[in-house]
Novice: 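Below is the structure I would like to discuss, written out as structure tokens.
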Amino acid sequence: MITDLRVLQDEFLPKEIRHRDREIDSIATALQPILHGEPADDVFLHGPTGVGKTCIARYSMEQLKMEAAVDTQYVNCWNDYTRYRVLYKLLEGVGRTVDIHRSSTPRDVLLDRIQDAEGPYVAVLDEVDQLEDPSVLYDLYTIPHVTVLMIANDHQGFLNSVDDRLESRLTVCRDIKFEPYTVDALVAILEDRVRKGLYPDAVSDRQLERIADAAAGDARVAIGALRVAARTAEDRGLDEITPEVVEDAIPDARKQIRSKTLDSLTEHQMVLYDIVEEHGEADPGVLYEEYESRVDSPKTRRTLRNYLAKMVQYDLLEAEGEGRGRSYRLKEAGD
DNA sequence: ATTCCACCGGAATAGCGGGATA
DNA sequence: TATCCCGCTATTCCGGTGGAAT
């Protein structure tokens, strides 16, 4: 069934990108000055999940590096959300972290190091709206040879959340909007992966269309469903992905994506999540009492509020109402 | 209308872990 | 070894908000 599992993984970066020519051109145009040794415009990619933002950003970096001597670094601000961690990651990109330690290195030596590095540098900041303190963007603006490529779901929402000084800088960067994939586009993407990763005839066009349709424009879900379906078919000793396998694979793929997020929660946060799951819907008072009774040394109410806010940010939970009447419930997959 | 109360979330602070320094 | 510094999490403090009770 499967000949190459890698091409079905999220991280896989295809050599050719389908149905995103306009976006790729826009990025290339924005970064063009780098080829002539001049500072380039910053770029902002935005659009819903699974529309190829990250993929196209990584692809563009590969292309750029083939044409010019330029350093690039990818930072996912979901994982590296503090100023320090972002700067540290960016230093890794130019190999200047050797004697950096989080203690005893004077406060802004990281920024100085990036500044001192010669040559153009493109910093890709994915999930940039997850930064706890976006002022690191301002730090980077002060360095002429650094170009920032930001990625987020909601461009306007992000602009509104930063202070005026930063906002005025951000509004001048080139913004590129990504629309959800059409069913045809998703089928084309899936066909590519099938050709490289599965035996011929392992799956019919009809089943690919079914997957593409259920994915609702989200390539990540579509590829995940294909992966799950291929594995299931293999486990069951089938030589073809059947309609039944596809039907099961779609919800499983969404679950897999969710459980990836759940893995990043702490033990206490997980307890809290379980409580919300059991109650279906719960107000904060009940939530805290329940939590208090289940855990050895409970955190304070304030900390729990932070946990809840975090899980809402992560799209795990949904909050309803403000102030006194607020309640929390699980956020179901699929916006 | 007014008061009350549960809850929200910003800001400042404390405490911890861990590496550096003297 | 004792001490310092830093990042990071949790805690403390508190003003603000909106629904419920009076």
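The sequence lines fix the lettering, A, B, ..., with proteins before strands; numbering per chain opens at 1.
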Novice: Please check if the distance between the ring centroids of A/Tyr291 and A/His268 is under 6.0 Å.
Specialist: yes
Novice: Any idea which heavy atoms bring A/Arg85 and A/Asn79 closest together, and the distance?
Specialist: NH1-O, 3.0 Å
Novice: Over how many whole Å does the gap from A/Leu317 atom CG to B/dC8 atom P extend?
Specialist: 12 Å
Novice: Tell me what A/Tyr88 touches on the nucleic acid: a base, only sugar-phosphate, or nothing, going by heavy atoms under 4.0 Å.
Specialist: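 Answer is nothing: A/Tyr88 stays at 4.0 Å or more from every strand.
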Novice: How many Å lie between CG on A/Leu265 and C1' on C/dT9, as a whole number?
Specialist: 15 Å
Novice: Which residues satisfy the ring-ring contact (aromatic ring centres under 6.0 Å, His included) test with A/His145, sequence neighbours excluded?
Specialist: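 So A/His145 forms no ring-ring contact (aromatic ring centres under 6.0 Å, His included) with any residue.
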Novice: Can you tell me how far P of B/dA11 sits from CD of A/Glu132, to the nearest Å?
Specialist: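 Atom-to-atom, A/Glu132 to B/dA11, this comes out as 12 Å.
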Novice: Tell me whether the NZ or CZ atom of A/Arg165 lies within the 45° cone about the ring axis of A/Tyr138 and under 6.0 Å from its centre.
Specialist: yes
Novice: Starting from C1' on B/dA6, measure out to OH on A/Tyr288 and report it in whole angstrom.
Specialist: 15 Å
Novice: What orientation do A/His46 and A/His155 show, parallel under 30°, tilted 30 to 60°, or perpendicular over 60°?
Specialist: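 Rings of A/His46 and A/His155: parallel, as their planes differ by under 30°.
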Novice: Calculate the interatomic distance between A/Leu272 atom CG and C/dA10 atom P; express it in whole Å.
Specialist: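 The distance from CG of A/Leu272 to P of C/dA10 comes to 12 Å, rounded to the nearest Å.
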Novice: Any side-chain N or O of A/Tyr84 under 4.0 Å from OP1/OP2 of C/dC5?
Specialist: no
Novice: With A/Ile56 as reference, evaluate A/Leu13, A/Ile27, A/Ile176 under the side-chain contact (heavy atoms from CB on, under 4.5 Å) test and give the passing residue.
Specialist: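 The option that passes is A/Ile27.
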Novice: Please confirm whether A/Arg83 makes a cation-pi placement over A/Tyr88, using NZ or CZ under 6.0 Å from the six-membered ring centre and within 45° of the ring normal.
Specialist: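 Here A/Arg83 fails the 6.0 Å and 45° test against A/Tyr88.
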Novice: What's the CD-P distance between A/Glu320 and B/dC7, to the nearest Å?
Specialist: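 About 16 Å, once rounded to whole Å.
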Novice: Please name the residue in the list A/Leu170, A/Asp126, A/Val43, A/Val124 that meets the side-chain contact (heavy atoms from CB on, under 4.5 Å) test with A/Met150.
Specialist: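 Only one option passes, and that is A/Leu170.
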Novice: Nearest-Å distance, NE2 (A/His268) to C1' (C/dT11)?
Specialist: 14 Å
Novice: Nearest whole Å is fine: how far is C/dG7 C1' from A/Leu131 CG?
Specialist: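 After rounding, the reported distance stands at 16 Å.
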Novice: Can you pull out the residues from residues 295-313 of chain A that lie within a 4.0 Å heavy-atom distance of DNA chain B?
Specialist: A/Arg302, A/Arg305
Novice: With A/Arg6 as the cation and A/Phe12 as the aromatic partner, state whether NZ or CZ is under 6.0 Å from the six-membered ring centre and within 45° of the axis.
Specialist: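 No.
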Novice: Using a cut-off of 4.0 Å between protein heavy atoms and nucleotide atoms, how would you tag nucleotides 15-22 of chain C 5' to 3' with B, S and -?
Specialist: ---BB---
